[in-house]
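Only a predicted model underlies this, so the values are computations on that prediction, with no experimental measurement involved. Only this structure's heavy atoms are used, side chains among them; waters, hydrogens and symmetry mates stay out. In what follows, chains are A, B, ... by sequence order, proteins preceding strands, each numbered from 1.
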Number of protein chains: 2
Amino acid sequence: MGKQASAPEIETVLKLEEFLPYRLARAAEIMSREFADIYKKHTGMTRPEWRAFATIGQFGTVTATFIGQHSSMHKTKVSRAVVSLEQRGWLARTSDGADRRIEHLALTKKGWRVYAALIEEARKFEADVLQALGEGPSNALISGLDHLEQR
Amino acid sequence: MGKQASAPEIETVLKLEEFLPYRLARAAEIMSREFADIYKKHTGMTRPEWRAFATIGQFGTVTATFIGQHSSMHKTKVSRAVVSLEQRGWLARTSDGADRRIEHLALTKKGWRVYAALIEEARKFEADVLQALGEGPSNALISGLDHLEQR
DNA sequence: TTTCAATTGTTACAAATGAAACTAATAAAA
DNA sequence: TTTTATTAGTTTCATTTGTAACAATTGAAA
C-alpha cells in the first residue's frame, strides 16, 4: 500500500497574522498610535506623559511609585514624565509630612482644565471605535479583555 | 421645587482600567513580555529579531522591505535584526539577479531547526493562554480582534 | 542606640530606537 | 541618451529608554 495522505502532525510554519500575541500587539499599537495623535495634537504630551497625567487625574493624589505600579511604567520614565508635566504647570508636588521620601502629585487648576478636555476626546475616540465595530463585536472584544485580565 | 438629583452629564474622571486603548496596550504588553521570555531563554533573540525571524520563516524568502511592511517595523530595526540573525548563522542573504538593490533573505538549515523549535513553543504558549481563558472567552477575544482588524 | 536593610525618587551611563542623510541601483522623464 | 526621481538598504546622529549606581530617608535587627 502506498504512502497514506494525511494532515501533518504539526504545521511547518506559524502564521503570524493568526498568532494571538502578535495580533494583540498589532491591534494595541495601532490604537495607541491613533489615540496618541489626538493628545499630541492637543497638548504635545508623549505617551508616558499622558499615562502619568491620566493616572493622576483618575486618582487625585498619588505618588510616583503608584503611577509606576498602576501603569506598569519604569520609575525613570515616570520621573521624567512628572518633571515634564510639572514644568508645563499641569501638576504640583507636595511633600509628605510624615515621610520625607515621598512626594504627593496632583493636578493644578490648569492641569484639570487640560484633563477635562482630554478625557472628553478620549471618550469620543473610544465611542467612535466601538461604534465602528458594532455592538456585538464590541461586547465580544471587551468580554475577551475582561477574561484575559482575570487570568 | 428643589434642585433635581441627576447623573452628571460627563464623568469627571476617566478610569484607565476601563479605557479600551489602555486595556489593549496592557494586555498586549503583558502577553508579549511573557512570550518574549520564552524565545529569549531559548535563543537570546530580541523582539525585533523574533519578528523578522518569524516573518522569514512564514514566507520562506522575503526582502527586508517586505519584513518591515508586514510587521510594521521601521526599516532600520529590520536592517539591524537581519544583521544580527545573519551573524548567528540563522539566515542568509542572496542578491537578486535582476535588481542588485534587493537582497533575498531566507533561513539557513540551522535557522530552520531553531524556527521549528520556536514555533512549537509558540503554539504551546498560545494554547495555554486560550485554555486558561476557556472556549467561550477565547472565541470572543478572537472574534473581537477579527473585527478590529477589519475596521 | 547603632548598624544594616529597604524604600523613594533622581541621575549617569549604556543600549535601543527613529529621523534624516547617504550609497548604490533602477526606473521614468526630458 | 542624459537627467531626474524613486527605491532598497545602511549608517550617522539625536532622542528615548532601561540598568545600575546613587543620595536621602525610614524601618528593622542586633
Compare all side-chain heavy atoms of B:Tyr39 with those of B:Phe53 and state whether any distance is below 4.5 angstrom. no
Side-chain donor/acceptor of A:Thr61 to backbone N/O of A:His104, under 3.5 Å: no
Whether B:Arg51 side chain and B:Ser71 backbone form a donor-acceptor pair below 3.5 Å: yes
Could you give the start and end, 5' to 3', of the contact zone on DNA chain D for chain A, using atoms under 4.0 Å from its heavy atoms? D:dT17 to D:dT26
Closest approach of A:Gly144 and B:Ala140, non-hydrogen atoms and distance? N-CB, 4.4 Å
Residues in contact with DNA chain D, drawn from residues 26-51 of chain B - heavy-atom cutoff 4.0 Å: none
Okay, side chain of B:Gln58, backbone of A:Leu16: is any donor-acceptor separation there less than 3.5 Å? yes
Knowing that exactly one of B:His74, B:Arg80, B:Lys77 qualifies, which makes a side-chain contact (heavy atoms from CB on, under 4.5 Å) with B:Pro48? B:Lys77
Among B:Val129, B:Asp128, B:Leu130, side-chain contact (heavy atoms from CB on, under 4.5 Å) partner for B:Glu126: B:Leu130
Compare the minimum distances between each of C:dG18, C:dG9, C:dA25 and the side chain of A:Ile102, then state the nucleotide with the smallest one. C:dG9
Note, A:Glu121 side chain near A:Lys41 side chain (heavy atom, < 4.5 Å): no
When you match B:Arg101 and A:Arg101 each to their closest nucleotide on DNA chain D, which lands nearer the 5' end? B:Arg101
